[in-house]
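Note sheet for the following structure.
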Amino acid sequence: MSNSLPLQSAALVETLVRPEIRAMHSYYVPDSSGLLKMDAMENPNLWPGELQQEWFETLKGLDVNRYPDPSCAELKAGIRELLKLDALQEQSGFDLDILLGNGSDEIIQILAMALSTPERGVLAVEPSFVMYKMISAFVGVPYTGVDLNADFSINLAATLSAIQEHDPALIFLAAPNNPTGNVFSEEDLQAIIDAANGLVVLDEAYMAFTDSDLLSYVSRYPNVVVMRTFSKVGLAGLRLGFMVGSSNWLKEFEKLRLPYNINVLTQASASLAIKHYDKLAAQCELLKTARSELLASLADIDGLEVFPSEANFVLVRCSNGGARSVFEAMKAQGVLIKCLDGGHPLLAECLRLTVGTVQQNEEMIAALKKALA
Ligand SMILES: *Cc1c(COP(=O)(O)O)cnc(C)c1O
């Protein structure tokens with residue numbers, strides 16, 4: 001009676017899979033084949049030619065039959081040096097350490113597993129990075145979202161009162177924020193850190209594109225860690241995020257990290273990238289210039305409200321509505337961006353455009369103008 005097996009498994013799924021998981025949708029990544037991909041804040045450039053060669057040589061020497069170094073010693077030493085953590089540690093009196101994740105997504109998950117309980121969950125401002133909320137749901141802990149102001153600044157009174165009411169174990173603040181592109185005021189951040197009984201995670205995924213740098217907060221506050229990623233500087237395919245904080249915190253989180261979460265190829269490739277970090281940084285500088293030009297071009301388009309950006313993307317609003325059809329019309333012209341309409345009331349009629357090369361940006365603008373016409 002093999003044809004009853006599907007029914008049996010469906011019934012089992014219904015009884016066994018947690019209802020909140022069954023109610024979820026998988027994280028949706030649209031098919032981008034054949035499209036100009038301007039939806040995911042990737043660096044449009046590969047490594048420069050001579051570096052490609054060195055990379056290939058490095059990969060040739062790797063033993064993929066062996067498990068990776070579970071401590072990621074070389075990679076962590078590289079990051080320590082890149083961030084000048086020893087100097088920061090000396091100023092602070094804290095022992096500072098680094099936690100590595102398979103993307104910062106995994107670090108968010110580790111934090112949620114380590115800290116949150118059914119009573120004390122996660123708090124984030126909204127709109128922000130959707131993973132904070134999604135991972136809270138995966139882990140099955142309460143999540144509180146506090147709306148930003150209409151200009152995307154922090155609503156401090158509302159945030160402080162939500163902190164008082166919910167006493168979250170974990171607070172996520174992205175600086176610059178995704179998808180809004182702005183950096184929150186340091187006074188607001190400090191007021192939140194002071195008011196929080198929980199751990200405050202400053203998510204600096206876009207730090208390569210801004211002058212804001214909050215790393216020193218880890219040496220000034222006992223309840224702050226700083227999270228960064230290699231994804232937005234040109235290594236999204238490697239999946240490598242990291243977090244810096246006092247080793248008091250990190251040695252606990254380290255227990256939840258799966259032993260081989262950073263694979264052999266990623267460890268070697270990222271170590272090489274750190275050695276030549278100036279090359280990636282130079283690409284990011286070019287993207288910042290391209291961003292200025294993109295912002296200027298967008299400002300000239302009628303029917304578009306353009307928000308300032310300190311990241312490698314720009315948020316715009318279709319003042320006359322129709323964001324969803326503008327998105328579709330751009331896609332029909334071969335350009336994939338991100339439509340945010342419907343995601344949050346503050347993002348009504350909003351689109352997010354990743355900053356690409358000058359030529360890609362021109363192509364994107366041409367498609368946008370046609371779509372708006
Ligand atoms: C893109 C992004 C990340 C990075 O996620 P990875 O898993 O490291 O690719 C983290 N935080 C924010 C706010 C982001 O936009």
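Source: prediction; values computed, not measured. Atoms within a ligand are numbered from 1 in the order they appear, just like the ligands themselves.
- Counting protein heavy atoms only, atom 5 (O) of ligand 1 is closest to S104 OG, 3.4 Å.
- Within ligand 1, the atoms closer than 4.0 Å to a non-hydrogen atom of A205 are 2 (C), 3 (C), 10 (C), 11 (N), 12 (C), 14 (C), numbered from 1 in the order shown.
- Pairs passing the salt bridge (Lys or Arg N to Asp or Glu O under 4.0 Å) check and including a residue from residues 269-287, sequence neighbours excluded, read E285-K288.
- Using a 4.5 Å heavy-atom threshold, the side chains of M41 and R352 count as touching.
- Between D105 and ligand 1, an N or O atom pair is found at a separation short of 3.5 Å.
- The closest side-chain heavy-atom distance from L347 to P179 is below 4.5 Å.
- The line from CE of M364 to OG1 of T354 is 7.0 Å long, rounded to the nearest 0.5 Å.
- Each of the atoms 1 (C), 14 (C), 15 (O) of ligand 1 lies under 4.0 Å from some heavy atom of Y206.
- Salt bridge annotation for R257-E254: present, with a cationic side-chain nitrogen under 4.0 angstrom from a carboxylate oxygen.
- Nearest protein neighbour of atom 7 (O) of ligand 1, counting heavy atoms only, is R239 NH2, 2.7 Å.
- Remark: ligand 1 atoms within the under-4.0 Å shell around heavy atoms of K232 are 1 (C), 2 (C), 3 (C), 4 (C), 14 (C), 15 (O).
- In the vicinity of S231, heavy-atom distances shorter than 4.0 Å reach the ligand 1 atoms 6 (P), 8 (O), 9 (O).
- In this structure, the protein non-hydrogen atom closest to atom 11 (N) of ligand 1 is D203 OD2, 2.6 Å.
- For S33, the side chain to side chain donor-acceptor pair (under 3.5 Å) criterion is met by D31, not counting sequence neighbours.
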